[in-house]
Amino acid sequence: MSRKPIIAANWKMNVTPSEAVTYLDTFLSTFSQPVNVDIVIGASFVTLPKAAELIGPNPAVDLAAQNMSHEANGAFTGETSAAMLNDVGVDYVILGHSERRSLYGEDDAVINKKVHATLAAGMKPILCIGESLEEREGGQLESVLTSQLEGSLAGISADQMADIVIAYEPVWAIGTGVTASKEQAQETQAFVRSVLEKIFGSDVAGATRIQYGGSVKPGNAEELINQPDIDGFLVGGAALDPNSFAEIVGAGIGG
Ligand code: PEP
């Protein structure tokens, strides 16, 4: 089954609106025509409107938020709703990132509510899952990933899966410079697909795009994207430089 790769930048709490102008001037000039990879820029809430304005006419690049409230509106100080993101022109929402899970206490139950709210608003979740080093070394890799998938995707239909991207991000590889080997990433992503098959059946599992995330850089993107179950990347540090992110996208286009 052929799946169109999707390569997303996760800027995290970096890139001000003014800095986004400089970044996107460079990046968008490289990708001004549609390519055989979906390209996504994940910006902070305050940078989203400026990024949306700059990306607006570009046919190759979409916009992602990095989080969202599952509540529709009301007395939730500091939160941002699906309607707000929609209004700005957001296409994807990164949900359940390990930093949200570990630093802000998000669990699968709340992430599941966010997945439902994102889809209900017509946007596409990029659902992050991944194990810690302790869990991997303790033999819990498969049980952790299975329960993250089952919990975060509870109540999701097979049809809705067409709009969901999974990002497998081993926590020990995020921002550490340590990348999973291509064999480790492939083996784990094949396992993730097998869990999706058990939940949703083989058609859905075969069609779902599974990104790898964790210290992806220009030097390792090509060998990773060539693995059969790696359908793109979620990129943090190496996506802070537009030329380096463009090189990673280039590996996806060539792969
Ligand atoms: C991420 O934050 O999703 C990520 C993968 O970060 P990095 O590429 O810096 O490891």
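Since this is a predicted model, take the numbers as computed values, not measurements. Counting starts at 1 for both ligands and their atoms, in listed order.
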Problem - Distance, nearest 0.5 Å, that separates CG of D231 from CG of D38 - result: 11.5 Å
Handout entry: Partners meeting side chain to side chain contact (heavy atoms under 4.5 Å, CB included) with V171 (sequence neighbours left out)
Key = S98
Fill in the blank from the handout: Tracing side-chain contacts under 4.5 Å among Ile, Leu, Val, Met, Phe, Trp and Tyr outward from Y104 reaches L103
Handout entry: Whichever hydrophobic residues join V178 through chains of side-chain contacts under 4.5 Å
Key = L133, W172
Problem - Within the 4.0 Å heavy-atom sphere of ligand 1, strictly under, residues - result: N10, K12, H97, E169, A173, I174, G175, G213, G214, S215, L234, V235, G236, G237
Handout entry: Derivation and outcome, side chain to side chain contact (heavy atoms under 4.5 Å, CB included), residues V61 and L24
Key = CA-CA 10 Å; V61 182; L24 289 172; 5.8 Å; no
Handout entry: Candidates E187, E142, E131 - the one meeting salt bridge (Lys or Arg N to Asp or Glu O under 4.0 Å) with R136
Key = E131
